[in-house]
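Beneath this line is the structure, given in structure tokens, with notes to follow.
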Amino acid sequence: PRNALLRQALADLSRQLQRHDEARLHFLAAMKIDPELTSVYDSWGRMEAKLGNRKRAAQLFRRGLRVRETPRLYHALGVLQDATGQAEAARATFEPGLAQPGEQHNPTLLHSLGRLEEGLGNHAAARVHYRECIETNPQFTMAYLSAGQLEESLGSYEAAARLSGAGAA
């Protein structure tokens with residue numbers, strides 16, 4: 001098809017069927033039809049990351065961000081950086097995502113920044129990000145779960161129970 005969205009849909013279907021080479025051909029075709037369709041960079045990059053092709057994934061996310069800065073691409077790149085031990089780079093990626101207009105309370109970015117800080121042992125900073133996520137996005141249950149697990153790991157069992165209970169409600 002000469003429609004970028006349909007090509008991406010074919011790529012995503014091929015990815016789900018684990019026909020990764022076929023998916024790459026469809027992603028590339030979608031990109032050629034509409035090089036500004038950032039969802040192609042995101043979806044293709046996530047596929048490559050899942051397959052362990054982290055360098056290629058990072059290239060795709062960065063290329064997409066050069067086309068248009070989106071919170072989803074910032075999130076994908078930051079999570080990839082954090083997973084590969086590049087905590088400072090991940091923080092430097094999440095923060096501009098949160099600085100995008102209307103995204104200062106983006107739950108996936110706040111939660112990921114909290115996870116990053118927790119992984120670095122910055123428990124106070126992690127709490128701040130989890131709390132902000134919970135206060136501004138009370139339906140985002142992963143923040144309750146992560147905050148509860150943090151409190152449990154620190155021996156704050158009452159706080160852990162309260163957070164876990166609130167997230168389950």
Side-chain angles (χ1 to χ4, degrees), residues 4-5 7-9 11-12 15-16 20 23-24 26-28 30-32 34-151 153-154 163 167:
L5 290 172
R7 276 296 189 151
Q8 182 181 341
D12 289 333
R15 175 183 44 83
Q16 289 170 351
H20 302 112
R24 287 180 184 101
H26 289 301
F27 282 129
L28 185 59
M31 207 177 278
K32 285 181 180 177
D34 185 355
E36 295 189 19
L37 184 61
T38 57
S39 59
V40 173
Y41 302 93
D42 178 62
S43 188
W44 189 357
R46 288 176 193 264
M47 181 187 85
E48 296 297 350
K50 189 173 184 179
L51 293 173
N53 303 324
R54 293 175 170 171
K55 185 176 180 178
R56 180 68 179 134
Q59 290 170 338
L60 287 161
F61 296 145
R62 285 188 182 102
R63 189 171 167 191
L65 284 166
R66 282 192 303 273
V67 170
R68 186 172 67 251
E69 296 178 13
T70 69
R72 191 163 171 85
L73 284 166
Y74 276 117
H75 176 260
L77 179 58
V79 167
L80 179 67
Q81 291 166 325
D82 189 26
T84 57
Q86 302 172 60
E88 292 305 319
R91 183 185 289 122
T93 298
F94 291 138
E95 289 173 352
L98 286 165
Q100 294 289 299
E103 297 299 331
Q104 64 272 18
H105 301 297
N106 182 299
T108 56
L109 290 168
L110 286 171
H111 179 256
S112 294
L113 196 49
R115 298 285 296 169
L116 177 141
E117 296 295 356
E118 183 178 350
L120 292 173
N122 300 332
H123 301 132
R127 279 185 180 116
V128 167
H129 295 302
Y130 293 148
R131 188 176 316 114
E132 184 177 352
C133 188
I134 289 167
E135 288 172 0
T136 59
N137 302 279
Q139 74 287 358
F140 195 78
T141 57
M142 287 302 298
Y144 293 95
L145 177 62
S146 295
Q149 289 172 338
L150 171 63
E151 295 305 332
S153 75
L154 297 174
L163 286 160

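Atom set for the values below is all heavy atoms of this structure, side chains included, hydrogens, waters and symmetry mates excluded. Along the sequence shown, residues are numbered consecutively beginning with 1.
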Inset, instruction - Verify, without hydrogens or angle tests, whether Tyr144 (side chain) and Gln139 (backbone) share a donor-acceptor contact under 3.5 angstrom. - result: no
Inset, instruction - Output the distance between atom CZ (Arg54) and atom CZ (Phe61), rounded to the nearest 0.5 Å. - result: 11.5 Å
Legend entry - Under-4.0 Å salt bridge between Glu48 and Arg24: yes
Inset, instruction - Check each of Arg72, Gln8, His75 against Asp42 using the side-chain hydrogen bond (donor to acceptor under 3.5 Å, both in side chains) test, and report the only one that passes. - result: Arg72
Legend entry - Residue from Gln86, Glu117, Gln81 passing side-chain hydrogen bond (donor to acceptor under 3.5 Å, both in side chains) with Arg91: Glu117
Legend entry - Donor-acceptor contact below 3.5 Å, side chain Thr84 vs main chain Leu80: yes
Legend entry - Atom pair CG/CZ of Leu73 and Arg62 - distance to nearest 0.5 Å: 12.0 Å
Legend entry - Arg46 atom CZ: more than 12 heavy-atom contacts under 6.0 Å: yes
Inset, instruction - Only counting residues at least two apart or in another chain, list the ones meeting side-chain contact (heavy atoms from CB on, under 4.5 Å) with Arg68. - result: Thr38, Thr70
Inset, instruction - Examine distances only and state if a side-chain atom of Ser153 and a backbone atom of Leu150 form a donor-acceptor pair shorter than 3.5 Å. - result: yes
Inset, instruction - May I ask you to decide if Pro35's main-chain N or O and Tyr41's side chain share a donor-acceptor pair within less than 3.5 Å? - result: yes
Legend entry - With sequence neighbours excluded, residues passing side-chain contact (heavy atoms from CB on, under 4.5 Å) with Ala23: Ser14, Arg15, Phe27, Met47
Inset, instruction - Mark yes or no for whether Asn53, through its side chain, and Arg56, through its backbone, hold a donor-acceptor pair below 3.5 Å. - result: no
